[in-house]
Amino acid sequence: MEITRKNPNSFLTKTNGYLQGYSYSLNPYVGCSYGCHYCYVQKLPVALFKKKEWGTWVEIKDEKPNQFLGELKRAKKKGKVTIFMSSSTDPYQPLEAKELRTRRLLEVIAEMPPDFLFVQTRSPLVTRDIDIFQKLGDRVLVSITVETDRDDVRKIFSPKAPPIQARINALKKLNEENIPSQAAVSPVLPFSPNFTNLLRNATKRVCLDDFFLGDGSGGRRSQALGLSKLFSQIGEEEWFSPENIEYVKDLFLHVFAKDQLFISRQGFIPPDGSHEE
């Protein structure tokens with residue numbers, strides 16, 4: 001793993017496209033050591049510029065004194081601030097346990113809360129920061145990716161990702177501590193018949209997304225990543241289909257209420273009119 005450091009001009013980046021409803025994205029790192037095979041970021045300029053295999057390098061964003069606090073103050077003066085953390089990296093990848101970059105940014109956020117903060121991760125390390133999430137109350141939603149409960153599938157699509165059960169346990173802990181949270185079955189990967197019940201016992205909210213609704217190109221980006229070959233490798237070709245999301249939705253509606261289940265972008269956007277001032 002190649003680890004480098006950089007001093008960014010800014011931490012907050014204005015958003016567009018898929019991140020509808022967010023004024024800024026916040027990425028504590030550039031690159032991601034999880035290196036999931038389906039990650040669209042590996043084909044974006046920020047990754048292609050490196051000319052290195054995705055998942056083999058990470059840049060740590062070092063902060064100048066009070067840099068992020070100043071950015072947040074200026075942003076709030078301009079209007080409503082809604083933040084997506086993170087859009088192109090995992091804020092709780094293994095380096096975070098030592099570097100505390102995400103923790104430091106969250107401490108500033110707790111000092112000057114935005115209207116809404118969305119935290120997206122696949123790491124159980126997120127439970128370390130429950131104390132900060134409690135300060136934010138309903139201004140935060142923590143989303144943990146759990147694409148499947150089958151470890152054979154995880155090893156094919158995201159072999160460096162944290163253990164599935166550890167992620168489910170993290171969801172349970174967030175739920176027990178009354179932290180607004182959800183399981184992001186995103187992207188949907190082949191799972192066992194018991195998967196819906198496993199999540200039902202861990203969380204009250206689920207977002208489903210697939211390689212067609214969620215890749216921003218109707219599946220072309222996913223095809224370019226060679227994902228259909230990975231499905232064929234495990235003999236689950238029928239799961240790589242735009243129609244499959246309706247089948248999965250029906251399975252989840254057997255154990256989750258309609259108001260607990262969200263589809264694609266719907267599960268990632270801020271609540272309407274969150275904390276208008």
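Computed from heavy atoms alone, side chains included, the values below leave out hydrogens, waters and symmetry copies.
The heavy-atom pair separating Ala97 from Leu125 by the smallest distance is N-CD2, 3.7 Å. Tyr29 approaches Asp90 most closely through the heavy-atom pair CD1-O, 4.2 Å. For Val188 against Phe211, the heavy-atom pair with the smallest separation is O-CE1, 3.9 Å. Minimum interatomic distance between Ser181 and Thr203 (heavy atoms only, all atoms of both residues): O-OG1, 3.8 Å. Across every non-hydrogen atom of Gln120 and Ser143, the tightest pair is OE1-OG, 2.8 Å. Among all heavy-atom pairs drawn from Phe133 and Val126, the shortest one is CE1-O, 3.5 Å.
Listed for the Ser232 side chain is no donor-acceptor partner under 3.5 Å among the backbone atoms of Glu237. Checking side-chain atoms of Asp209 against main-chain N and O of Ala184 turns up no donor-acceptor pair under 3.5 Å. Under a 3.5 Å cut-off, the side chain of Asp62 and the backbone N or O of Arg5 do not form any donor-acceptor pair. Checking side-chain atoms of Arg150 against main-chain N and O of Ser192 turns up no donor-acceptor pair under 3.5 Å. A donor-acceptor pair is defined here as one N or O able to donate and one able to accept, closer than 3.5 Å; no such pair exists between the side chain of Asn66 and the backbone of Leu69. Not a single donor-acceptor pair under 3.5 Å links the side chain of Glu59 to the backbone N or O of Lys6. For the pair Ser241 (side chain) and Glu238 (backbone), a donor-acceptor distance under 3.5 Å is absent. Not a single donor-acceptor pair under 3.5 Å links the side chain of Thr56 to the backbone N or O of Met1.
When side chains are defined from C-beta on, Asn27 does not count as touching Phe84, because their heavy atoms never get closer than 4.5 Å. The side-chain heavy atoms of Arg101 and Glu63, taken from C-beta on, include a pair separated by under 4.5 Å. Annotation: side chain of Leu171 is not in contact with side chain of Arg167 (no heavy-atom distance under 4.5 Å). The closest side-chain heavy-atom distance from Gln67 to Lys61 is not below 4.5 Å. By the 4.5 Å heavy-atom criterion applied to side chains, Glu147 and Phe157 are not counted as neighbours. Put simply, the side chain of Cys207 does not reach to within 4.5 Å of the side chain of Gln266, judged on heavy atoms. Using a 4.5 Å cut-off on side-chain heavy atoms (C-beta onward), Thr148 and Pro190 make no contact. Looking at Pro270 and Phe118, their side chains never come closer than 4.5 Å, going by heavy atoms from C-beta outward.
Atom CG of Asn197 is separated from atom NE2 of His254 by 11.0 Å, given to the nearest 0.5 angstrom. To the nearest 0.5 angstrom, Asn194 atom CG is 8.5 Å from Asn201 atom CG. Distance CZ/Phe268 to CZ/Arg265: 11.0 Å, rounded to 0.5 Å. Distance CD1/Ile144 to NZ/Lys173: 11.0 Å, rounded to 0.5 Å. From Leu174, atom CG reaches atom CD of Gln182 across 11.5 Å, with rounding to the nearest 0.5 Å. Taking OH of Tyr34 as the reference point, atom CH2 of Trp54 lies at 13.0 Å (rounded to 0.5 Å).
Below 30°, between 30° and 60°, or above 60°: for Tyr22 and Phe116 the angle between ring planes is between 30° and 60°, a tilted geometry. Using the six-membered ring where Trp is involved, Phe191 and Trp239 have ring planes that are perpendicular, over 60° apart on the 30 and 60° scheme.
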Verdict with supporting geometry, Val81 and Tyr24, side chain to side chain contact (heavy atoms under 4.5 Å, CB included): CA-CA 7 Å; Val81 176; Tyr24 300 96; 4.1 Å; yes

Steps toward side chain to side chain donor-acceptor pair (under 3.5 Å) verdict (Gln93, Ser123): CA-CA 7 Å; Gln93 58 185 294; Ser123 173; over 6 Å; no

Residue pair Val153, Glu236: steps toward the side chain to side chain contact (heavy atoms under 4.5 Å, CB included) verdict: CA-CA 10 Å; Val153 173; Glu236 299 283 9; 5.8 Å; no

Test side chain to side chain contact (heavy atoms under 4.5 Å, CB included) applied to Phe212 and Asn244, step by step: CA-CA 10 Å; Phe212 301 89; Asn244 191 56; over 6 Å; no

Test log, rule side chain to side chain contact (heavy atoms under 4.5 Å, CB included), inputs Arg200 and Thr196: CA-CA 6 Å; Arg200 185 67 187 87; Thr196 56; over 6 Å; no

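Hydrophobic clustering keeps Val30 apart from Leu100 (ILVMFWY residues linked when any side-chain heavy atoms are closer than 4.5 Å, directly or through intermediates). Taken together through direct or relayed side-chain contacts under 4.5 Å among Ile, Leu, Val, Met, Phe, Trp and Tyr, Ile179 and Leu105 form part of one hydrophobic cluster. If you chain together hydrophobic residues whose side chains sit under 4.5 Å apart, Leu136 and Phe11 fall into the same group. If you chain together hydrophobic residues whose side chains sit under 4.5 Å apart, Met112 and Val119 fall into the same group. Using a 4.5 Å cut-off between side-chain heavy atoms of Ile, Leu, Val, Met, Phe, Trp and Tyr, with links allowed through other members, Ile234 and Val185 fall into the same hydrophobic cluster.
Between Asp151 and Arg154 a salt bridge is recorded (basic side-chain N to carboxylate O distance below 4.0 Å). Remark: Asp115 does not engage Lys80 in a salt bridge, criterion side-chain N to carboxylate O under 4.0 Å. With respect to the salt-bridge test (charged N to carboxylate O, under 4.0 angstrom), the residues Arg103 and Glu107 qualify. Using a cutoff of 4.0 Å between basic side-chain nitrogens and carboxylate oxygens, Lys135 and Asp129 are not scored as salt-bridged. Here Lys52 pairs with Glu2 in a salt bridge; the nearest charged N to carboxylate O distance falls below 4.0 Å.
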